[in-house]
Amino acid sequence: MDFYQRVASVCRQIPYGKVATYGQIALLCQKPRNARQVGYALNKKITGDIPAHRVVNHQGILSGAAAFKNEQEQKRRLEEEGVKVDQGQQVDLRVYGWKNTLDDALLLEALFKSKGI
DNA sequence: ATACTGACTAATC
DNA sequence: TGATTAGCCAGTA
């Protein structure tokens, strides 16, 4: 169950103006095979102030799935942060992808520990 | 316990 | 390079 709490923590660490992939988040939660569960988490499990709009699939496409009130919502929020989204609902991961640093990893580890998850 | 589902991915063709 | 297939695994019924 703590997996979902980790997902929430990781999402909150995604920098403004950047995006991360489901697989990447799963990896950071130390569950490399749980990419789908990350999506599930964002969809059903997690509520609250999670910047889920910064999470896309490994191609940089906004999977969408009516995740937000109205579609286009995710795209709108990203562009608000300066992330360009093309008409195919895709962002350029080479430009906006969150490149995890060692600092990020350490920060997350400390965060998990402090929360006991 | 079994079967089906899905905001996913990596491998193959 | 682009499309298909084939694993994936927690949740739900």
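FYI, side chains are in, hydrogens and waters are out, and symmetry mates aren't considered; it's all heavy atoms of this structure. Not measured: the values here are computed from a predicted model.
Summarising the geometry, the separation between CZ on A:Arg77 and P on B:dA7 is reported as 18 Å, rounded to the nearest angstrom. One can place CZ of A:Arg54 at 17 Å from C1' of B:dA7, the figure rounded to the nearest angstrom. Taking atom CG of A:Asp2 as the reference point, atom P of C:dA10 lies 12 Å away to the nearest angstrom. For the pair A:Gln30 CD and C:dC9 C1', the interatomic distance rounds to 18 Å; values are reported in whole Å. Atom NE2 of A:His58 is separated from atom C1' of B:dA7 by 13 Å (rounded to the nearest Å). Rounded to a whole Å, the CZ atom of A:Phe3 is 9 Å from the P atom of C:dG11. Rounded to whole angstrom, the span from the CG atom of A:Leu62 across to the P atom of B:dC8 amounts to 12 Å. Straight-line distance from the CG atom of A:Leu27 to the C1' atom of C:dC9: 16 Å, rounded to whole Å.
A donor-acceptor contact under 3.5 angstrom links the side-chain atoms of A:Gln37 to the base of B:dG6.
A:Val91 places a side-chain heavy atom less than 4.5 Å from the side chain of A:Leu62. Inter-residue side-chain proximity for A:Phe112 and A:Gln5 is flagged as unmet; no heavy-atom pair is nearer than 4.5 Å.
Put simply, A:Tyr4 has a side-chain N or O that comes within less than 4.0 Å of OP1 or OP2 on C:dG11. Contact annotation: A:Tyr40 does not reach the phosphate of C:dC9 (side-chain N/O to OP1 or OP2, under 4.0 Å).
A:Arg33 CZ: 12 or fewer foreign heavy atoms inside a 6.0 Å radius.
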Worksheet, complete the sentence: Its contact letters, B for base, S for sugar-phosphate only and - for none at protein heavy atoms under 4.0 Å, make nucleotides 3-8 of chain C read ----BB
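For the pair A:Arg54 (side chain) and A:Ile14 (backbone), a donor-acceptor distance under 3.5 Å is present. Looking only at distances, no side-chain donor or acceptor of A:Gln13 sits under 3.5 Å from a matching main-chain atom of A:Asp104. Between the side chain of A:Glu81 and the main chain of A:Gly17, a donor-acceptor pair closer than 3.5 Å is present.
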Worksheet item: How far apart are the C-alpha atoms of A:Asp49 and A:Arg12, what are their side-chain angles, what is the distance that settles it, and do they pass the side chain to side chain contact (heavy atoms under 4.5 Å, CB included) test?
Response: CA-CA 8 Å; A:Asp49 58 333; A:Arg12 276 190 276 260; 3.1 Å; yes
